[in-house]
Amino acid sequence: MSELSKRFDFKEVDSKWCKYWEDNDVFEAKANKDKIPYTIVIPPPNVTGILHMGHALNNTLQDIIIRYKRMKGFEALWMPGTDHAGIATQNVVERKLAKEGKGREDVGRDAFVDMLWSWKKEYGDTIINQLKNIGASCDWKRTRFTMDDGYSEAVKQAFIKLYKKDLIYRGTYIINWCPRCLTALSDEEAEHQDHQGHLYHLKYPLKDDPENYIIVATTRPETMLGDTAVAVNPKDKRYKKLVGKTLILPLINREIKIIADDFVDMEFGSGAVKVTPAHDPNDYHMGKRNNLEFINVMHENGKINKNGGEFDGLDRFDARKKVLESLEKQGLLLKTEDHAHAVGHCYRCDTIVEPYLSKQWFVRMAPLAAPAVKAVKDGKIKFTPDRWTKVYLNWMENIRDWCISRQIWWGHRIPVWYCDDCNNEMVAADELKTCTKCNSANIRQDEDVLDTWFSSWLWPFATLGWPKENEELKYFYPTSSLFTASEIIFFWVARMIMAGFEFMGDIPFSDVYIHGTVRDSKGRKMSKSLGNAIDPLEIVNEYGADALRFSLIVNSGQDLFISKEKFEIGRNFANKIWNASRLILMNAKDIDKNFDLSKTENLDLPSKWIISRFHSTLEKVSDSIERYRYSEAENLIYEFFWSTFCDWYLEIIKDNWGNKQIQNIAYKIMEESLKIIHPFMPFVTEEIWDNINKDKGVLSIQPWPELDKNLINKKAEKNMLLVIEHTTSIRNTRSQWNISPKEELTCHFAAHSKDSLNTLKENAEVLINIAKLKDVKMDEKLQQTKNVAINVIGDSENAILLEGIVDIGKEKSKILKQIDEHKKLGAGLSKRLSNKNFTDKAPEDVVKKEKERLESIEIKVTKMEAAVAALN
RNA sequence: GGGCGAUUAGCUCAGUUGGUUAGAGCACCUGAUUUACAUUCAGGGGGUCGUAGGUUCGAGUCCUACAUUGCCCACCA
């Protein structure tokens, strides 16, 4: 056992333990039949990711519970890894290419994918290393990547299985298209943002009666180039006569019909809708229902194509302007209104997405959703906080098919081949050379890759080896809990549940914990572009990883509003732990390492109390962790260690370090406290532990302290509370008496260590004597204060009530005021107690408590009155 | 348009079967220091718990309405 250095050097300590834990495989987990598994899979961060506060929060939460469970004796596995993040990663390398003035087409598919792999090799571990730096106790040797060999096999098998069950199909539908990324997106990947746009009212003239026209309203006038009908509600009397008539589509001069369709809302706009089946999802369905023509007027990059006549080649937004100009010239633009509406944006590049008619692959979701809904309804999977259950169910019950093909190059290529000779469509895990039907070598693989989430949804079992059957998969699956932000419920959580049932026949996890979003002090989401982000690594650098972790969690009720100062609490607490331990190690030179807190005799009150308080804290902390109430757990620990252990116990025993039993108790409480603090602040606790218990191995794998309810002593806690109360009241007069804290505390420790009324009385006299000694000084200092009196104004069964009176006049009015307050309180109480309704209906213990309270108030008042009388 | 939260001290938030005089941290004010820790210690001021009703012996907590605010979902062109 060595002495701790004067300062807690977190920089050195953080990096030392990161390395030690990893080098010694401290967090390795194996299929150990003698233990119960507890498994968490990390939400794989994007391989392009750089640690931000959201990651720091998410991973600290996971680390707390996994470290806790590990100490509790579970075979704790935290599975790490990264996600290939299709579009995001491709964008990074494309940006690099763009600097050289090149596009991906210029280098070709194979070379481009090679570039991505080398990028991944060079930078892909960044975020993993950053996670290590904040203390994440993953089993790092297992680190997976959603495109590593085994994982790619899993993705292929999943695709093939669904394909063979006809749960995957290919078809031409309206999907969300990003004209910048040049790929399809799923519904979830198109983020709706409110836009202040315009609603343009256009006139479409009738063919037979060109003077007359029908008015349609649109927010995207350029799509009119692809209109193939105008629809009205069949119940709309205004248009009844016009249904079936032919219109001339302006600018294009196409003949289009007026049709009737229930979809049309008579109340909105003019009650007539232009129908563009190739460029709007609703119109698409109307087109299908009414057998309309589908005219695509746009290229993939958002430019108008030759179907757009004179507008051919214009970008969609230029086309919008030009179309409006032309219509206005012809007098066909009736009016322009301001109109707020939601517009979809690409979640990767923020470009406005275009509803676009395109041939894509889809997963049929309804059959997959059924068991996933049931599992949550049956309580097999629980959301915390509970309110997310509804959000999940609502989405699942209205689920739509999932567009899984992406027109990018970075990802899992769709394992489907087409034969150019016989049009055969083949699905296969391994590369095909010839057509399985006509044997032609003239075959080609589908160009598209799968949505990144199509690999992520397999994460809980693919990381454990699926589709191969093995011991580990059996042992660790289903996993225990999943930690994520609410944004990811649809993208990932819901889909993992579906995949779990589909491929494993079981839930993927039993608990889902949804944590808040990290925001700046003004409530804005932290983001690079806003420039309001606080870099967690900067905090690690300035305050230490423990400070980062502790501070984040203590603020983590719902959404977190973070500013830099908020991290001081963690830094200060780490410092406190360090210094308190240092104090104990400096003074407790003669400790018995096998000292057992439960086998002590003739304990003084403060020691009984601190042991009791430790165990009641231990009980509550364990309970809070199990119920995912982390900030509550931290508050309990903080309060116990700082306010209880340091501010009271260590102060009280200050002059009693010679007492071996006191030494042992202080040491033991510190040692046990380190264990319960460890999941929250692993570095500082590990370092202190290493100084005292090198022989026992690292703290990370020590058993969690055993709760001994016999050591919870309610009476001692109550008595000590009285002592604290009285000490506090004496402290109020202390500064006026000029008694140093040391004298005061000496007196108090002596007074309460024997826990008897007589001793208390004796020591009250000691206190009085001290005050009398000070009296002389006081006269010098406060010349006018002459009448100094100390009255023992009363005692109760457990402790003595002391009041110091310095300036009689001043103190008298103070006491009179107090008497007044007490009397008011007493009056309220006795009124309550005389209310029959209360005594009859309220539970007995409440009534009893209130009676006791009233009594004690009455006694207090009597004594105070006596004290005032004595002063006269 | 639908759904879900939030509203408690100057600020950030606890307050979980309704039950003592509503708590903490930060900030502010007063005071302490031969010290394990100035990243410290002691003390203090500051709240009609968003508003209005209701249920109850008793409401920050339950119910209703309203106000303010945040988020999610959504195919009104």
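Quick caveat, the model's predicted, so the values are computed rather than measured. All values below were derived from every heavy atom in this structure, side-chain atoms included, with hydrogens, water molecules and symmetry-related copies excluded. The sequence lines fix the lettering, A, B, ..., with proteins before strands; numbering per chain opens at 1.
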Just to be sure I understand the rule, does [X] reach a base, reach only the sugar-phosphate, or reach nothing, if contact means heavy atoms closer than 4.0 Å?
| X | value |
| --- | --- |
| A:Arg400 | sugar-phosphate |
| A:Pro355 | nothing |
| A:Val273 | base |
| A:His339 | sugar-phosphate |
| A:His285 | nothing |
| A:Lys576 | base |
| A:Arg571 | base |
| A:Lys836 | nothing |

B:U20 base / A:Arg832 side chain donor-acceptor hit below 3.5 Å: no

Donor-acceptor pair, side chain of [X] and main chain of [Y], under 3.5 angstrom:
| X | Y | answer |
| --- | --- | --- |
| A:Ser270 | A:Ile215 | yes |
| A:Asn835 | A:Lys831 | no |
| A:Thr223 | A:Arg220 | yes |

Under 4.0 angstrom between A:Trp642 side-chain N/O and B:C41 OP1 or OP2: yes

With a cut-off of less than 4.0 Å, is there a side-chain N or O of A:Lys390 near OP1 or OP2 of B:C4? yes

Name the residue closer to the 5' end of RNA chain B, choosing between A:Ile569 and A:Cys646 according to the nucleotide with the nearest heavy atom. A:Ile569

Go nucleotide by nucleotide along RNA chain B from the 5' end; which of A:Lys6 and A:Ala272 gets its closest nucleotide reached first? A:Lys6

Output the single nucleotide from [options] whose closest atom is nearest the side chain of [X].
| X | options | answer |
| --- | --- | --- |
| A:Val264 | B:C57, B:A77, B:A36 | B:A77 |
| A:Arg853 | B:U20, B:G5, B:C57 | B:U20 |
| A:Asn572 | B:U39, B:A74, B:A77 | B:U39 |
| A:Leu825 | B:U21, B:U56, B:C4 | B:U21 |
| A:Asn835 | B:C57, B:A36, B:A77 | B:C57 |
| A:Asn579 | B:G5, B:A36, B:A77 | B:A36 |
| A:Thr218 | B:C75, B:A74, B:A77 | B:A77 |
| A:Asn282 | B:C75, B:C57, B:A77 | B:C75 |
| A:Asn555 | B:A77, B:U12, B:C57 | B:U12 |
| A:Phe490 | B:U56, B:C75, B:C73 | B:C73 |

Within the 3.5 Å criterion, strictly below it, is a donor on [X] or [Y] matched to an acceptor on the partner's side chain?
| X | Y | result |
| --- | --- | --- |
| A:Asp227 | A:Tyr204 | yes |
| A:His198 | A:Asp338 | yes |
| A:Lys620 | A:Ser622 | no |
| A:Asn176 | A:Asp187 | yes |

Please give me the minimum heavy-atom distance between A:Ser358 and A:Trp177, naming the atom from each residue. OG-CZ3, 4.4 Å

Minimum heavy-atom separation for A:Ala666 and A:Ile584, please, with both atom names. O-CD1, 3.9 Å

What is the distance from [atom1] of [X] to [atom2] of [N], rounded to the nearest Å?
| X | N | atom1 | atom2 | answer |
| --- | --- | --- | --- | --- |
| A:Asn575 | B:C41 | CG | C1' | 14 Å |
| A:Ile215 | B:A77 | CD1 | C1' | 15 Å |
| A:Leu552 | B:C13 | CG | C1' | 15 Å |
| A:Glu188 | B:C72 | CD | P | 14 Å |
| A:His192 | B:A77 | NE2 | P | 11 Å |

Encoded 5' to 3' (Watson-Crick or G-U under 3.5 Å; [ ] crossing; | other strand), RNA chain B becomes (((((((..((((.....[...)))).((((((....).))))).....(((((..]....))))))))))))....

Using the rule side-chain hydrogen bond (donor to acceptor under 3.5 Å, both in side chains), only one of A:Glu634, A:Glu632, A:Glu619 pairs with A:Ser624; which is it? A:Glu632

How would you list, by chain and number, every residue that makes a ring-ring contact (aromatic ring centres under 6.0 Å, His included) with A:Phe640, sequence neighbours excluded? A:Phe614

Scan nucleotides 46-50 of chain B against the protein and return all N/O pairs shorter than 3.5 Å with their distances rounded to 0.1 Å.
none

